[in-house]
Amino acid sequence: MRLMRSSSIKSWGLAIALVLICLALSLAKPGFLTIPNLLNVMRQISINGILAVGVTYVILTGGVDLSLGSLVAVSGVVAASLAHPNQHILALPVLMGVLTGTLGGAINGLVVTRGKVAPFIATLGMMTVARGLALVLSSGRPVSNLSAEFTRLGGDLAGVPIPVIVLAAIACLSAVFLQNLRLGRYIYAVGGNEMAATASGINVAAVKMFSYGTCGALAGVAGVVLAARITTGQPNAGVGYELDAIAAVVIGGTSLSGGVGSIGGTILGALLIGVINNGLDLLNVTSYYQSIVKGVIIVGAVCLDQKQHKS
Amino acid sequence: MPGRHILHVRNLCKSFPGAQVLTNVSLDVQAGTIHAMMGENGAGKSTLMKILVGLQTADAGEILFNGQPWRIKNPHDALKRGVAMIHQELLPFRNLSVAENIAMGREPTRWFPGWIDRPALALEATRVLARLCSPLAPGRKMMDLSVAEMQTVEIAKALAYDASLIIMDEPTSAISQREVDALFNLIRDLKQRGVTVIYISHKMDEIFRIADAITVLRDGYHITTRPAHELDDRQLISLMVGRELAPPAPARSSCQREPALEVNRLTLPGKFHDISFTLHRGEILGLAGLMGAGRTELVSAIYGLAPAASGDIRIRGRHLTITSPAAALAAGIALVSEDRKLFGLVPQMSVQHNLTLSSLRQHWINRQREAALADSQIQTFAIKVAGRHQRVMHLSGGNQQKVVLAKALLSNPDILILDEPTRGIDIGAKTEIYALINRLANAGTAVLLVSSELPELLLLSDRLLVMRQGQLSARFNTRQTSPQEILKFAMPA
């Protein structure tokens with residue numbers, strides 16, 4: 001409930017839509033509403049969910065981050081190459097993976113605030129650079145032979161997938177952060193009206209740096225979790241992930257122009273995408289059609305949202 | 001030449017939420033004359049002109065153009081039917097050429113629809129520019145032109161559309177004296193061709209140099225329309241200002257007060273130059289001047305939004321370098337900006353969040369305390385809201401302004417800078433804000449009040465500074481001066 005508190009009625013609309021779709025699916029396919037399948041859905045959305053929460057910080061400030069997918073790859077490669085059996089304790093590969101993402105995000109932030117480069121361009125550059133870096137570091141080959149401790153991060157804990165636990169923790173912390181901390185409030189203010197934020201004594205550049213840095217850090221987390229799950233550091237992993245993450249954020253009612261949105265909405269958006277993918281799988285719809293359906297839903301959701309805004 | 005009227009305005013009314021801007025305005029403009037439109041800021045001149053060119057619609061009343069009812073949807077519509085407006089802030093297509101700008105909206109085509117006939121385009125531009133005796137090359141890019149040259153292009157565009165009425169809104173505010181002379185020759189030339197010009201300006205000498213007739217508006221009412229030769233400077237100023245002023249502010253003894261803010265030789269090239277003054281505790285210091293005199297730039301510099309290049313500032317006797325609003329707030333300075341949309345409010349955020357935005361002291365927000373603070377500010381300032389969670393964008397202008405004020409005061413400033421604190425708000429809210437400013441000063445706050453409304457300055461301030469073209473042109477004790485005198489020092493020499 002905490003996640004939902006300050007999110008507006010449109011998130012409730014989204015929640016209702018999600019419940020309706022779940023109901024319809026459970027009627028059509030009894031296999032849908034089972035605990036294993038629901039856990040499966042959660043596992044499938046965990047990576048996208050973590051990235052979507054991260055990019056929510058950036059989108060709330062009125063920016064965007066296109067480098068997420070590449071940061072996932074490079075973080076995964078860095079973590080994996082430190083995670084061979086008997087090489088290091090578990091903490092080091094995890095830490096270095098997350099730090100790699102954080103560094104990428106921080107550079108994005110620097111280019112946007114100091115270099116005055118539009119976020120779209122700055123992070124587009126990082127997208128290419130980080131992808132190249134992932135290929136260089138891995139010599140273009142998947143980094144395999146990882147320690148059991150590391151790959152266990154992609155497994156279950158007491159029956160619940162660890163990636164899902166990570167996502168839940170990140171989402172809760174972020175929701176509390178954005179609602180209760182001064183810096184969280186400032187993120188909304190910067191996205192809502194940068195000039196007014198400056199005039200209110202807010203260090204806009206610092207707020208943006210924090211947002212891009214956090215987004216990068218969460219991309220690092222996603223990279224580590226993904227590497228653990230697929231038990232390799234894949235330099236070609238994560239292509240297009242940024243777009244799925246942005247789609248979840250937008251479906252969740254966060255405005256691309258900044259200042260409006262919530263983590264609750266983002267999680268609902270990610271869930272909606274996940275449930276629909278899963279449902280189409282269960283209904284034996286080929287992935288070619290799934291792509292079409294997903295695109296229509298993204299645009300449709302935003303369309304509806306715009307209509308609500310007008311009225 | 002007493003001729004026919006090109007324009008009749010009858011009983012025009014226009015109000016914005018909370019403010020009546022035009023009340024039963026009726027006037028006639030004779031064809032082929034240069035008609036000056038005068039009045040203080042907020043008198044309703046721009047609104048009237050915006051209605052004429054279709055940027056706004058009137059609530060009631062009638063406009064006849066060449067005897068026909070004037071019903072248009074937008075400025076392009078107006079242009080096609082012979083009325084052009086040249087705005088104070090020109091907005092040309094900077095990356096396009098002079099010829100392309102002149103032809104914008106009715107490009108000649110050939111071969112098939114949509115294919116621009118470039119030779120014809122250039123020819124048309126050359127033809128119109130020749131009519132204006134302008135040496136401008138049609139192929140030059142707009143961004144390479146001076147403001148005066150851009151104006152010429154705008155006039156050429158109006159001529160290309162065969163405009164019979166051209167409205168010029170303060171065309172000389174950003175051009176040199178030599179360019180002004182050239183512009184006036186152009187305007188006289190237009191008149192020779194039978195084009196009617198409505199000319200808006202604050203500059204007396206220009207008006208008397210060029211205008212045939214003068215219309216004065218004040219507070220949204222039409223005061224008079226007379227031939228220019230029947231008026232002189234003094235009469236015109238008193239017509240513009242001439243209203244009953246409310247009784248002077250209760251006297252506060254301004255002697256023997258500690259200085260709160262001392263500004264010494266503050267300069268920002270191109271904006272303001274060599275400004276020195278002292279603001280005392282418990283004092284309201286007025287800052288008068290016309291738009292563009294550099295007042296907003298000056299207070300922005302003091303607040304750290306756009307710091308000055310040289311000079312120094314002392315706060316309570318201590319030398320301080322303020323390079324950001326954060327530093328200003330820490331030093332006890334708060335600013336209520338003239339542009340609340342741009343600098344004052346985050347429109348999508350709630351009233352509560354806006355109110356506390358510059359007063360969040362701890363990292364963890366105490367939401368109960370925040371809510372209580374917001375509620376108390378809402379009550380103190382009588383802000384009409386559905387609740388503290390209402391988005392600020394849904395409030396009326398007056399209530400938005402109160403939010404901005406309440407927000408500034410929540411930071412407990414010793415020095416409060418108010419830049420046009422009552423712009424665009426109704427008379428009731430105005431009175432409340434006046435009472436509030438007086439209360440604050442009596443409680444020891446130092447108030448620097450920037451306003452374009454002379455009655456407001458005369459009512460509230462203890463002392464007055466006048467700015468003209470970036471410099472301080474006069475200092476007055478409010479009780480020993482008059483609107484005429486202030487205006488004299490505010491008008492460009």
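Letters A, B, ... are given to chains in the order of the sequence lines, protein chains preceding strands, and every chain is numbered from 1.
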Side chain, backbone, both or neither: which part of A:Tyr186 has a non-hydrogen atom closer than 4.5 Å to chain B?
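The side chain, not the backbone.
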Are more than 12 heavy atoms from other residues, nucleotides or ligands located less than 6.0 Å from atom NE2 of B:His363?
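For B:His363, atom NE2 is not crowded (no more than 12 foreign heavy atoms under 6.0 Å).
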Is A:Arg182 reaching over with its side chain to a backbone N or O of B:Arg361, donor-acceptor style, under 3.5 angstrom?
yes
Measure from the side-chain N and O atoms of B:Tyr303 to the backbone N and O of A:Ala199, and report whether any donor-acceptor pair falls under 3.5 Å.
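It does hold such a pair.
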Distance, nearest 0.5 Å, that separates CG of A:Leu183 from CG of B:Leu360
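Interatomic distance, A:Leu183 CG to B:Leu360 CG, rounded to 0.5 Å: 11.0 Å.
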State the CG-CG distance between B:Leu345 and A:Asn193, to the nearest 0.5 angstrom.
8.0 Å
Under a 4.5 Å heavy-atom cut-off, does chain A meet the side chain of [X], its backbone, both or neither?
X: B:Gln362; answer: backbone
X: B:Lys407; answer: side chain
X: B:Leu342; answer: both
X: B:Ser411; answer: neither

Of all of B:Gln348, B:His353, B:Met349, which one pairs up most often with chain A through heavy atoms under 4.5 Å apart?
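If we count pairs closer than 4.5 Å to chain A, B:His353 comes out on top.
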Taking all non-hydrogen atoms of both residues, which atom of A:Gly201 and which atom of B:Ala326 are closest, and how far apart?
O-CB, 3.3 Å
Would B:Thr356 and A:Arg185 count as a side chain to side chain contact (heavy atoms under 4.5 Å, CB included) here? Give the steps.
CA-CA 10 Å; B:Thr356 56; A:Arg185 181 72 53 80; 3.8 Å; yes
I'd like to verify something: which residue of A:Gly259, A:Gly191, A:Ala189 has the highest number of heavy-atom pairs under 4.5 Å with chain B?
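Ranked by contacts with chain B, first place is A:Ala189.
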